[in-house]
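One structure is given here, and the rest of the page talks about it.
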Amino acid sequence: MPTLTLHNTLSGRKEIFTPIDPERITLYVCGPTVYNYVHIGNARPVVAFDVLFRLLQRLYPQVVYARNITDIDDKIINAARDNGEPISALTARFTEAFEQDMAALNALPPTLTPHATEHVGDMIGMIETLVEKGHAYAAEGHALFDVQSMPDYGRLSKRSLDDMLAGARVEVAPYKKYPGDFVLWKPSSDDQPGWESPWGRGRPGWHIECSAMIARHLGPLIDIHGGGQDLIFPHHENEIAQGCCAHGTDYVRYWLHNGYINIDGEKMSKSLGNFRLVRELLKVYPGEVLRFALLSAHYRSPLNFSEEVLQQARSTLDSLYYALLGRGEQVTPQAGYRLAEDHPVNLALCDDLNTPEAISELHRIAAALNKADDTDKPALKAELLAAADLLGLLTHEPSAWFQQGSGDNDLGSEDIDALITERAEAKKARDFARADAIRQQLDEAGIVLEDTREGTRWSRKM
RNA sequence: GGCGCGGUGGCAGAGUGGUUAUGCAGCGGACUGCAACUCCGUAUACGCCGGUUCGAUUCCGACCCGCGCCUCCA
């Protein structure tokens with residue numbers, strides 16, 4: 001088995017991945033708060049860790065991958081109130097939209113999708129444990145985590161308590177013993193959703209759900225936890241505090257964090273308002289183009305998102321699909337082909353998910369396929385498909401890829417076929433002026449013709 | 001202020017103590033009735049200044065610039 005190395009935020013370097021139990025790998029990734037459509041920045045961890053999920057499934061017999069849905073949160077409460085709709089209707093709608101969008105990006109569904117509202121009892125139990133062990137306290141209807149009770153609080157984000165308080169945004173509240181303490185449970189007013197608890201009617205703080213759901217579904221200590229860099233502090237730092245202090249163990253072995261999507265060099269975020277919704281992008285670009293763009297940079301690097309990047313992704317995918325399409329000959333991929341363990345694509349991904357390196361290997365295979373004798377093509381085609389599958393790419397039929405429509409008023413394929421037939425007759429009669437006029441007519445309708453030795457085929461321009 | 005990340009050719013983006021990926025776009029050629037695809041060839045790089053070294057884009061140090069986090073955030 002090739003050695004898998006992963007960059008661990010805890011150490012700040014790449015480490016060899018050693019599972020807790022090689023028979024059962026546990027992976028958790030922070031999912032969305034469902035009060036809105038997700039933007040392409042939200043999609044980056046989903047796609048990056050989808051590649052990790054695929055890779056782990058290749059390397060180990062069982063992988064349990066959980067990605068939560070945060071369906072109770074103040075932003076949700078506010079959005080539902082603004083819309084005048086029940087919270088459950090809002091969260092159901094955006095949960096479904098999220099799942100549709102991620103499916104369009106060819107992200108596999110996780111093994112488990114726990115919802116926060118279905119685990120409030122687990123959260124209350126965990127908070128009670130923390131209170132019993134002296135790591136949390138009740139105050140004015142709140143339950144708060146006592147960060148001073150944990151000696152190495154700040155280990156993940158590499159900052160001391162003093163450093164944190166130097167920042168001006170710490171919420172100083174009278175009920176806190178210490179300004180850095182964070183909320184585990186907070187009181188709800190009558191018009192806010194709430195659950196009965198030992199601290200009165202209320203709702204959970206932001207961080208406790210992940211810790212509680214991990215403990216419930218994956219265990220007290222898991223292999224890998226992923227998410228965006230902006231979750232390192234406070235979210236993941238506080239998860240560690242909760243998990244370690246409640247269970248008296250380590251919480252996560254490997255912390256993985258993806259870089260940001262930038263717009264004009266600036267972080268894309270809901271608060272900055274410079275985001276691009278996946279849903280809107282999908283109206284213009286196939287999901288695979290978005291996925292390819294996301295995988296074209298290493299997951300920890302910033303990725304500047306632009307029209308140009310998407311056009312390049314489209315062009316590059318086209319060339320890979322051209323290799324599969326061939327030049328008119330029919331090639332059936334070799335049956336039963338399996339990517340070798342030491343295949344370059346496998347090795348690239350095992351090196352901390354080096355997707356750009358893996359993609360460059362796809363090009364190498366595609367070039368070999370283009371140049372190969374007919375006897376060698378089935379194996380190379382199977383190799384290209386298998387390698388791309390590890391990245392979740394090249395999943396369409398090549399002809400369908402080139403013919404996918406982008407608008408409603410496009411020419412139908414019957415009209416196109418009729419014109420192609422007419423052009424073929426014109427060519428046969430050596431009436432090239434007429435043939436070129438038809439090519440021109442179709443070109444203006446966004447249809448590109450290509451003559452192959454097996455006949456003329458067409459594709460739609462984007 | 002504290003902590004962290006990064007600056008690679010027109011663009012995107014890996015990587016490496018020497019032979020200097022890959023793609024997109026460009027240029028030249030082959031192929032084609034014309035094209036497209038493909039193939040062959042080709043130009044353009046490692047922020048700045050020092051140091052270590054036979055040799056530095058890579059290691060070390062300083063500097064400049066950009067970005068992020070410091071309790072909303074993927």
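Order of the sequence lines sets the chain letters (A, B, ...), proteins ahead of strands, with each chain counted from 1.
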With a 4.0 Å cutoff (strictly under), does any side-chain N or O of A:Asn238 reach OP1 or OP2 of B:U71? no
Would you indicate, yes or no, if B:A14 has its OP1 or OP2 atom less than 4.0 angstrom from a side-chain nitrogen or oxygen of A:Ser301? yes
Are A:Trp458 and B:A36 close enough that a side-chain N or O sits under 4.0 Å from OP1 or OP2? no
With a 4.0 Å cut-off on heavy atoms, is A:Ser296 in touch with a base, just the backbone sugar-phosphate, or nothing at all? sugar-phosphate
When we call it a touch if two heavy atoms are under 4.0 Å apart, what does A:Gly41 touch: a base, just sugar-phosphate, or nothing? base
Do the side-chain N or O atoms of A:Ser319 get closer than 4.0 angstrom to the phosphate oxygens (OP1, OP2) of B:C24? yes
For A:Ile263 and B:G68, give me the distance from atom CD1 to atom P, rounded to whole Å. 13 Å
Which word best sums up how the rings of A:Trp206 and A:His235 line up, parallel for under 30°, tilted for 30 to 60°, or perpendicular for over 60°? parallel
Return no unless some side-chain N or O of A:Asn42 is found under 4.0 Å from OP1 or OP2 of B:A74. yes
Min side-chain heavy-atom separation A:Val289-A:Leu310 under 4.5 Å: yes
Is A:Glu15 reaching over with its side chain to a backbone N or O of A:Asn8, donor-acceptor style, under 3.5 angstrom? no
Can you confirm whether more than 12 heavy atoms, excluding those of A:Arg155, are under 6.0 Å from its CZ atom? no
Under 4.0 angstrom, heavy atoms only, what part of the nucleic acid is A:Asn370 near: base, sugar-phosphate, or nothing? sugar-phosphate
Using the C1' atom as the point on both nucleotides, what is the distance between B:C60 and B:U52, in whole Å? 7 Å
Below 4.0 Å: OP1/OP2 of B:C40 and any side-chain N or O of A:Lys371: yes
Would you mind classifying the nucleic acid contact of A:Arg439 as base, sugar-phosphate or nothing, using non-hydrogen atoms under 4.0 angstrom? base
